[in-house]
Novice: 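Would you mind keeping the following structure in view while I ask a few things?
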Amino acid sequence: MVKIRLTNSRTRKKEDFFPIDPANVRMYVCGPTVYDRAHLGNARPVVVFDTLFRLLRHVYGADHVTYVRNFTDVDDKINAEALRRQQAGAKGTLEELIRERTEETIAWYHADMDALGALRPTHEPRATEYIGQMIAMTEELIRSGHAYAAEGHVLFRVRSYRDYGKLSGRSVDDMIAGARVEVAPFKEDPMDFVLWKPSSAAEPGWDSPWGRGRPGWHIECSAMAHELLGESFDIHGGGLDLQFPHHENEIAQSACAHPHGDFAHYWLHNEMLQVEGKKMSKSLGNFFTVRDLLDQGIPGEVIRFVFLMTHYRSPMDWTADKARAAEATLRKWRAASASVAASSPLPAVVEALADDLNTAGALAALHAAAGEGDWAGLKASAQLMGLLTEHLGAWATAPRVDLSGQAERLAALRAEAMVSKDFSAVDALKAALVAAGVEVRMSKAGVELVPGPGFDAARLEAIK
RNA sequence: GGCGGGUUGGCGGAGAGGUUACGCAGCGGAUUGCAAAUCCGUGUAGACCGGUUCGAUUCCGGUACCCGCCUCCA
């Protein structure tokens, strides 16, 4: 059995991974809020944890891993978008427009993440389908004294959980000193956070013991993880920005509501994404979605490769340069392994992945395999990482065009030129072919024409 | 202010207390009418200052700089 080691944010150490039940390894990852297209930053945890999912399936068996990633479909940005549509004349109630918006966004999300070669998780629960469980959990927290109702809200009593702040290395008192917390008259303590809040008529709401309202953000993950994975499970993942307060709050709620469980054993956090050295933000004009890149003709497989070039715990810089390098490598590997059947993943690749998901090291092992001409091993290993798979490969398939006529013509001109020593006609045709995106290979053996990345059939037609 | 992370050769980016990372680019060569593609060869890097050690880029301490979170943006 391959020994997996993971850096546990909770202990800040790299630890051997021991699942609670090897027959059912369980992982929960915080998913997107479905109000708009996923931007590139959203895609990083998807690829990171997809890679971990694939590794776990490889080690424990495909049927022995349960991966849950939620859709947050209760959110003020969704409400705002639905309201905007209604005011713009869209038909339907607010609830219908919200549902419409989230359905649409989820479909986009699936399409975009599929394009990155991410497997669908075992379960993709939507917050709106677990409101009952959230209410039940909130009631339990009130009953056990960890939460209190006030003015239609229910708040978690942070001081009632001794270990609050442990995951992110903060103390409640330090945080109060920072004083960047929402102060509300009904809070016992400024750090207390919302489990339930009242909804106005213009907001979606559900009936509850505290009146019509909606859940706070953090409770959904605790409720869904409990429902689908149990009181204790193996891995909880997400972006580093979620470590505080989101994950801290999840732990507090879950630990207090289910004192006999210990929630997640291993916490994994991926570092953030940057673009050309800067944080991606709308104000800097470097904000873009996964779909934007795909529409520009950058294949999802290339995006995935670029992500895997950097270890998940380091900030990753997206650059056009890296995309170019990744595309060149993938083209080479795809061409070389196209007609080869995948064997089994190389030990060096599996070991690199098992060592805290060292994807950069795994890619290096792939390069080594390429150097040795082990295309069967390379293909199997790359596929373990979600690369060189069937369904991602369409972009790299050379256009099916018959270039034999041009090739014969070029060969004839060349043969003449060899005698006359006047190569101008040969060079002119070659230049035209290159301009049309055709790779021209001439050797003693003959002339070979291969459609390249920028192949342009129209320009080829123009050559006569 | 609090907490956390980082600083590796032209660029990207890993591992390992002492032996070539790797990729891209570059350079040299083979090959080619010239190229392209391919192949071969080629790089005394480790922010700074101390400490531990026979030996540190790798461990420990400090300094500088950068970044993230604490503002429901992953």
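Computed from a prediction, not measured in an experiment: that's the story for all the values here. Per chain, numbering begins at 1; letters A, B, ... match sequence-line order.
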Novice: Which of these nucleotides, B:rA21, B:rA74, B:rG13, is closest to any side-chain atom of A:Leu273?
Specialist: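 The nucleotide sitting nearest to the side chain is B:rA74.
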
Novice: Distance check, P atoms only: B:rU52 and B:rU58, in whole angstrom units.
Specialist: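 So the two P atoms sit 15 Å from each other.
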
Novice: Determine whether A:Tyr148 and A:Asp192 satisfy the following criterion, side chain to side chain donor-acceptor pair (under 3.5 Å), listing intermediate values before the conclusion.
Specialist: CA-CA 10 Å; A:Tyr148 55 95; A:Asp192 291 349; 2.6 Å; yes

Novice: Please state the C1' separation for the pair B:rA36 and B:rU31 - nearest whole angstrom.
Specialist: 12 Å

Novice: Given the C1' atoms of B:rG17 and B:rA56, what is the spacing between them in whole Å?
Specialist: 6 Å

Novice: In whole angstrom, give the distance that lies between atom CG of A:Leu353 and atom P of B:rG15.
Specialist: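 Rounded to whole Å, this separation is 13 Å.
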
Novice: Give me the distance, rounded to whole Å, that separates B:rA74 from B:rG50 when you measure between the P atoms they each carry.
Specialist: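 B:rA74 and B:rG50 have their P atoms separated by 46 Å.
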
Novice: Using a strict 4.0 Å threshold on nitrogen-to-oxygen distance, state whether A:Glu81 and A:Arg84 make a salt bridge.
Specialist: yes

Novice: Under 3.5 Å, is there a donor on one side chain and an acceptor on the other for A:Tyr35 and A:Asp76?
Specialist: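 Result is no, nothing qualifies.
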
Novice: Checking all strands, does A:Leu363 fall into the base, sugar-phosphate, or nothing category for heavy-atom contacts under 4.0 angstrom?
Specialist: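 No contact at all - A:Leu363 keeps every heavy atom at 4.0 Å or more from the nucleic acid.
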
Novice: Identify, residue by residue, the members of residues 420-439 of chain A with a heavy atom below 4.0 Å from RNA chain B, and return them in order of residue number, or none.
Specialist: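 Listed by number, they are A:Phe423, A:Val426, A:Asp427, A:Lys430, A:Glu439.
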
Novice: When you measure from the side chain of A:Lys322 to the backbone N and O of A:Asp317, does any donor-acceptor pair fall under 3.5 Å?
Specialist: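 Indeed, once roles are kept as given, a pair shorter than 3.5 Å links the two residues.
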
Novice: Would you indicate which nucleotide in B:rC22, B:rC69, B:rC72 comes nearest to any side-chain atom of A:Asp241?
Specialist: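 Nearest to the side chain of A:Asp241 among the choices is B:rC69.
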
Novice: Please determine, by modelled atom types, if A:Thr289 and A:Asp292 share a side-chain donor-acceptor pair under 3.5 angstrom.
Specialist: yes

Novice: Could you summarise the pairing of RNA chain B as dot-bracket text, marking Watson-Crick and G-U pairs under 3.5 Å with ( ) or [ ] inside the strand and | across strands?
Specialist: (((((((..(((.....[...))).(((((.......)))))....(((((..]....))))))))))))....

Novice: Mind checking if A:Arg44 touches a base, just sugar-phosphate, or nothing, with heavy atoms under 4.0 Å?
Specialist: nothing

Novice: Between A:His39 and A:Phe287, is the ring centre distance below 6.0 Å?
Specialist: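 Between A:Phe287 and A:His39, which both carry aromatic rings, the centre distance is below 6.0 Å.
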
Novice: Just to confirm, is there a sub-4.0 Å distance from OP1 or OP2 of B:rC3 to any side-chain nitrogen or oxygen of A:Lys166?
Specialist: no

Novice: In terms of side-chain geometry, is the basic nitrogen of A:Arg331 or A:Glu327 positioned less than 4.0 Å from the acidic oxygen of its partner?
Specialist: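 A:Glu327 and A:Arg331: salt-bridged.
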
Novice: Between A:Tyr312 and A:Pro45, just flag the one whose closest nucleotide in RNA chain B comes earlier from the 5' side.
Specialist: A:Tyr312

Novice: The side chain of A:Met272 is closest to which nucleotide in this list: B:rA21, B:rC72, B:rG68?
Specialist: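 The nucleotide sitting nearest to the side chain is B:rG68.
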
Novice: Rounded to the nearest angstrom, tell me the gap between atom CG in A:Leu40 and atom P in B:rC73.
Specialist: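 One finds 18 Å between P of B:rC73 and CG of A:Leu40, rounded.
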
Novice: Would one find a side-chain N or O of A:Lys322 under 4.0 angstrom from OP1 or OP2 of B:rG13?
Specialist: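 A:Lys322 to B:rG13 OP1/OP2: side-chain N or O found under 4.0 Å.
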
Novice: Nearest-Å distance, CH2 (A:Trp318) to P (B:rG12)?
Specialist: 16 Å

Novice: Quick one: which of B:rA14, B:rC24, B:rG33 gets closest to the side chain of A:Met442?
Specialist: B:rG33

Novice: Students often get this wrong, so: under 4.0 angstrom with heavy atoms, is A:Gly41 touching a base, only sugar-phosphate, or nothing?
Specialist: base

Novice: Examine the base of B:rA14 for any acceptor or donor lying under 3.5 Å from a partner atom in the side chain of A:His311, and report the outcome as yes or no.
Specialist: no

Novice: How far does the C1' atom of B:rU57 sit from the matching atom of B:rA25, given to the nearest Å?
Specialist: 24 Å

Novice: Kindly point out which of B:rG13, B:rC73, B:rC72 is positioned nearest to the side chain of A:Ala360?
Specialist: B:rG13

Novice: Flag yes if more than 12 heavy atoms outside A:Arg162 fall under 6.0 Å of its CZ atom; otherwise flag no.
Specialist: no

Novice: Side chain of A:His39 only, please: which of B:rG23, B:rC73, B:rA35 is the nearest?
Specialist: B:rC73

Novice: Verify the ring-centre separation between A:Phe244 and A:His269: is it less than 6.0 angstrom?
Specialist: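 Judged by ring-centre distance (under 6.0 Å), A:His269 and A:Phe244 do not meet the cut-off.
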
Novice: Against A:Arg101, only a single residue in A:Asp36, A:Asp75, A:Asp73 fulfils salt bridge (Lys or Arg N to Asp or Glu O under 4.0 Å); can you say which?
Specialist: A:Asp36

Novice: In whole Å, I'd like the distance from the CZ atom of A:Arg313 to the P atom of B:rU7.
Specialist: 12 Å

Novice: Toward the 5' end of RNA chain B, which comes first, A:Ala325 or A:Met418, by nearest nucleotide?
Specialist: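 Looking at the nearest nucleotide for each, A:Ala325 comes out on the 5' side.
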
Novice: Expressed in angstrom and rounded to an integer, what is the separation of A:His367 atom NE2 from B:rA14 atom P?
Specialist: 13 Å

Novice: Does A:Met309 reach a base, just sugar-phosphate, or nothing at all? Heavy atoms under 4.0 Å.
Specialist: sugar-phosphate

Novice: If the P atom of B:rG29 is compared with that of B:rA35, how far apart are they to the nearest Å?
Specialist: 11 Å

Novice: Taking atom C1' in both B:rC66 and B:rA47, compute the distance separating them and give it to the nearest angstrom.
Specialist: 11 Å

Novice: To the nearest Å, how far apart are A:Tyr164 OH and B:rG2 P?
Specialist: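 To the nearest whole Å, that distance equals 20 Å.
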
Novice: What I want to check is whether the side chains of A:Tyr67 and A:Asp50 have a donor and an acceptor closer together than 3.5 Å.
Specialist: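 Short answer, no.
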
Novice: Quick one: is B:rU32 close enough that its OP1 or OP2 comes under 4.0 Å of any side-chain N or O from A:Ser443?
Specialist: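 No.
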
Novice: Figure out the CG/P separation between A:Asp355 and B:rA14, and round it to whole Å.
Specialist: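 Distance check: A:Asp355 CG to B:rA14 P gives 12 Å.
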
Novice: Report the distance from atom CZ of A:Arg12 to atom C1' of B:rG5, rounded to the nearest whole Å.
Specialist: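 To the nearest whole Å, that distance equals 11 Å.
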
Novice: Give A:Thr310 one of three labels, base, sugar-phosphate or nothing, depending on what nucleic acid heavy atoms sit under 4.0 Å from its own.
Specialist: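 Sugar-phosphate, backbone atoms only, no base.
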
Novice: C1' atom, B:rC49 versus B:rG1: distance in rounded Å?
Specialist: 28 Å

Novice: If you look at every heavy atom in A:Phe49 and A:Met27, which pair is closest and at what distance?
Specialist: O-CE, 3.6 Å

Novice: Check whether any side-chain N or O of A:Arg414 sits under 4.0 Å from OP1 or OP2 of B:rG33, and answer yes or no.
Specialist: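 So the side chain of A:Arg414 is within the cut-off, an N or O lying under 4.0 Å from OP1 or OP2 of B:rG33.
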
